Amino acid sequence: MAEAHSAVAFSFAITHDGLDVNFDREVLYLVWESGLRSWKKRLARFRNSIHNGVYPGHLQSLYVLWTLLVAAHFGGFNIPFDLVQKATSILPGDSTMWQVIACLLAALTMWLTVIFMMRYILKLLLMYKGWMYESRAPGSRISVKTMIWVSVVKVLSGWNKPRLYSFQGSLPRLPLPSVQDTMNRYLLSVRPLLDDENYKRVELLSKDFEETIAVKLQRYLVLKSWWSSNYVSDWWEEYVYLRGRSPLMVNSNFYGTDTLMRPTSIQAARAGTIVHFVLKFRRLIERQELEPIMLQNMVPLCSWQYERLFNTVRVPGIETDKLVHYQDSAHITVYHKGKYFKVVVYSRGRLLNPAEIQIQIQHILEDKTEPCIGEERVAALTAGERSHWAHIRQTNFNRGHNRTSLHCIERAAFNVCLDDKEYGFNEDDPSTLDDYGHTLLHGKGHDRWFDKSFNLCFSTSGAVGFNTEHTWADAPVMGHLWEYVILTELTYGYLQDGNARGTVEAPPPTPVRLQWDLNNEELLQNIDISYNVAQKLLNDVDLKILHFTKYGKGFMKGLRVSPDAFIQMVLQLAYHRDAGHFCLTYEASMTRLFREGRTETVRSCTIESCKWVKSMEDPKASVTERLELFLAASERHKIGCQDAMTGHGIDRHLFCLYVVSKYLELDSPFLQEVFNEPWRLSTSQTPYGQTSLLDLKKYPKCVGAGGGFGPVADDGYGVSYIIVGEDMLFFHVSSKKSCPVTSSSNFVTQIERSLVDVQELFYEYQKIKNVK
């Protein structure tokens, strides 16, 4: 009960001698400090709101304009539209003070008019996406229209340095495609996967859908696109993520790895430093000192997803989960050898430095107490079925120690896992990558709090990685955080003995062991149910990671081929060689050029890609023919990516039409056909180099293996890849061991073989060209 007593700030009792009041000065100081920090954040948010509300203008321009109007008014010059006189007429007097106030009102009117005109013009300009379809290859010409557009955008957005959310009010809404346009794109995407008979059947279904209920469904989407900030995102979050009842582990959460560099082998020192800089990134978000990601250093991406990076948890529900975001949190939670600790990371009004956090982490590592009954596996509840976890949470975590400890974990900035095993990126032994990926993807099935926005995982040798819940955001946001943390860690450095840097003037707050009351037979059985589900799921994961070093981005760009299109063509060839046929292929593409944009699907299996793959398997096809087909397929894929990014994709529109049809209880054979099609090859490129922070020339080993995710289809593959540096690629391939027709090892072999064959194709073509 020591923890319970220490949590009481003061107490009182009525005695014969009067009122006896006892209070803890330290706890009262912590309360005062917490309130002060909260008010500082409110003030900062208020200032940022004003800054963002008037962007691309600046408050200083209002003060300048006010000064000029005061000087002009008292100098006898006429003010446009007699604004000062009109303002004076509504004020209670005409003394000098009131005339100055009238000048302020006139200046405010003129200033706001100009600001909102600038914001509206900027919004109209950002709706233009023609620049994306113009070639940026050396020697190519940019159209006059795009050149004018670039000039005006730079002028409007160059007045003031943007903050994280400065462009949010200027971002356009995601456009709603016409049904006819989506039908045409859909039929084109499935043509290579269907024989003539089945294609004719699907074509008739689509035509019937377009001419009947699609008209009604589209009307509702038109209203939603007018009314909401984004007609897709809220439904996508609810129906794809929150209403899913299957486990988050493997099925939804994704992971990310460390770099080749290992700045220290001391677990506590690495944890203390990484935690410190992750929290500094949170402070940059809160203060909006983080600049938004800009394409071509000019076009902003939506920053909405950053809001829920920290202090966020997915709370289970019987039918649907909910995402809960807390405005502030002064602590993190740490898991080690079956025990949970609350670690306060602020003291005396400041963030603890890496050395101080290392002391806290070391205290946890040296804790020799045993977990209480059920504590070691309690996180398995977050790895099991969602409805089961929701029921247990409502009945067993609504009071006492369980409620307090659960609330502490869910309110934490994030969760830290101090693992008791060694893992990491070993250049000399690439096979260790597979175990590394498994550890980060699912761990032991009970040592990650999968509901948290993310878990930081540290090995005994100092390697680090993360496991991220997918509902709140997509991978690029975690990628941005990771780039910042890795770079700042490198520049900050460690002491010569490997310990964290920083001055420890006073002992930091001691970690507090969380208490649980789990000694209940029924509860322990329910924990075991989730644990067994998790064990079955993780034991079925077949994960292989390929480290390819024969070439990379440098070779691809030298061919003037989009690196992403290059990799997607390789994956099409590899899958066909592995499975003997083509399949519906999913590639995630972002739509953050629009407000609250998330992702769109690029259907990578196209008519052009299939022709090229067939030519590679046809011994009669010439090198020139294969190369021409490859370039045509790559160009078609690039256009597909551009269409997806600019709001002209297929699948999100079909998804929303399907949601409306379910609300209206309208059955559509066509929509049933669409959503019964399995994505047997689900792919995603891990974002890298989103910012200019990482300098590979200075830190050549500051490259990571990227991250990955579990298989999407029971009989398919999940493939994540990252293009790092000029001569390095990583592929994370997952499938299910229980499926007799898939093998991640075989698929990795086919990827490597296909990469080499494509390189040889270009070399052979170059030889032929030189001979001529």
Side-chain angles (χ1 to χ4, degrees), residues 3-4 6-9 27 30-42 45 242 248 253 275-276 278-283 285-286 306-317 321-336 339-347 349 351-352 357 360-361 364 375 378-379 381-382 389-390 392-394 396-418 447-456 466-469 471-473 481 508-518:
E3 292 80 7
S6 66
V8 179
V27 177
L30 289 175
V31 171
W32 163 259
E33 193 178 66
S34 177
L36 195 62
R37 184 164 170 266
S38 178
W39 278 104
K40 284 181 179 179
K41 286 193 172 185
R42 291 181 187 179
R45 281 195 291 266
L242 295 177
L248 300 183
N253 288 25
V275 166
H276 172 80
V278 168
L279 290 167
K280 284 194 72 174
F281 191 83
R282 182 179 72 162
R283 189 164 64 188
I285 294 176
E286 292 170 345
Y306 288 83
E307 295 178 5
R308 303 183 296 185
L309 176 51
F310 296 95
N311 326 328
T312 299
V313 65
R314 176 167 164 171
V315 177
D321 294 353
K322 63 179 179 179
L323 209 60
V324 178
H325 172 70
Y326 298 96
Q327 287 298 321
D328 191 19
S329 178
H331 74 275
I332 61 171
T333 48
V334 178
Y335 173 89
H336 177 60
K339 299 166 291 187
Y340 289 88
F341 297 83
K342 175 183 178 180
V343 180
V344 176
V345 288
Y346 289 86
S347 179
L351 173 63
L352 298 179
I357 299 176
Q360 295 176 308
I361 299 296
I364 294 171
E375 182 180 10
V378 67
L381 292 167
T382 69
W389 170 211
I392 303 306
R393 188 179 190 276
Q394 290 176 5
N396 296 98
F397 291 83
N398 56 357
R399 61 188 177 275
H401 289 312
N402 291 349
R403 178 183 178 182
T404 302
S405 296
L406 177 63
H407 190 59
C408 180
I409 294 173
E410 293 185 339
R411 285 191 67 100
F414 51 88
N415 188 52
V416 172
C417 305
L418 301 175
D447 54 352
R448 312 278 185 260
W449 202 270
F450 293 101
D451 289 355
K452 285 298 291 180
S453 53
F454 65 93
N455 292 256
L456 291 180
F466 62 80
N467 180 287
T468 302
E469 202 280 312
T471 308
W472 61 272
L481 163 67
T510 303
V512 177
R513 172 82 182 275
L514 299 187
Q515 301 298 307
W516 304 90
D517 184 13
L518 307 172

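Only this structure's heavy atoms are used, side chains among them; waters, hydrogens and symmetry mates stay out. Note that the structure is a prediction, hence the values are computed from the model and not measured.
- Judged as a side-chain hydrogen bond (donor to acceptor under 3.5 Å, both in side chains), and not counting sequence neighbours, the contacts of Asn415 are Thr333, Asn455.
- Minimum heavy-atom separation, Thr468 to Ser453: CG2-O, 3.3 Å.
- A pairwise comparison of heavy atoms in Phe450 and Asn253 identifies O-ND2, 3.3 Å as the closest pair.
- Summarising the geometry of Arg403 relative to Asn398, their closest heavy-atom pair is CD-O, 3.5 Å, with the distance given to 0.1 Å.
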Inset, instruction - Under the side chain to side chain contact (heavy atoms under 4.5 Å, CB included) rule, what do Thr382 and Lys452 come out as? Steps first, then yes or no, please. - result: CA-CA 9 Å; Thr382 69; Lys452 285 298 291 180; over 6 Å; no

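- Summarising the geometry of Leu514 relative to Lys342, their closest heavy-atom pair is CD2-CB, 3.9 Å, with the distance given to 0.1 Å.
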Legend entry - side chain to side chain contact (heavy atoms under 4.5 Å, CB included) between Gln327 and Asn311, intermediate numbers included: CA-CA 7 Å; Gln327 287 298 321; Asn311 326 328; over 6 Å; no

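- Residues Phe466 and Leu481 form no side-chain contact, since every pair of their non-hydrogen atoms from C-beta on lies 4.5 Å or further apart.
- Counting heavy atoms from C-beta outward, Val343 and Ile364 have side chains that approach closer than 4.5 Å.
- At a threshold of 4.5 Å between non-hydrogen side-chain atoms, the residues Arg282 and Ser329 count as touching.
- In this structure, Cys408 and His331 approach most closely via the heavy-atom pair O-NE2, 2.9 Å.
- Remark: of the listed residues Asn467, Asp451, Thr471, Asp451 is the sole one forming a side-chain contact (heavy atoms from CB on, under 4.5 Å) with Leu248.
- Residues satisfying the salt bridge (charged side-chain N to carboxylate O under 4.0 Å, His left out) test with Asp447, not counting sequence neighbours, are none.
- For Asn396, the side chain to side chain contact (heavy atoms under 4.5 Å, CB included) partners are Ile392, Leu523, not counting sequence neighbours.
- Ring planes of Phe454 and Phe414: parallel class, angle under 30° (limits at 30 and 60°).
- Partners of Thr404 by side chain to side chain contact (heavy atoms under 4.5 Å, CB included), not counting sequence neighbours: none found.
- Phe397 contributes atom CZ, which lies 6.0 Å from atom CH2 of Trp516 (distance to the nearest 0.5 angstrom).
- The shortest distance between side-chain heavy atoms of Leu323 and Glu469 falls below 4.5 Å.
- Note: Trp389 CH2 to Gln394 CD = 10.5 Å, rounded to the nearest 0.5 Å.
- Val416 is not listed as a side-chain neighbour of Phe341, based on a closest heavy-atom distance of 4.5 Å or more.
- For the atom pair NZ (Lys339) and NE2 (His336), the distance works out to 6.0 Å, reported to the nearest 0.5 Å.
- Checked by atom type and distance alone, the side chain of Asn402 pairs as donor or acceptor with a backbone atom of Asp517 at under 3.5 Å.
- Qualifying side-chain hydrogen bond (donor to acceptor under 3.5 Å, both in side chains) partners for His407, counting only residues two or more places apart in sequence or in other chains: none.
- Between Leu309 and Thr312, the closest heavy-atom pair is N-OG1, 4.5 Å.
- Annotation: salt bridge (Lys or Arg N to Asp or Glu O under 4.0 Å) contacts involving residues 405-414, sequence neighbours excluded, comprise Arg393-Glu410.
- Only one option out of Arg513, Glu375, Gln515 pairs with Tyr340 in a side-chain contact (heavy atoms from CB on, under 4.5 Å); it is Glu375.
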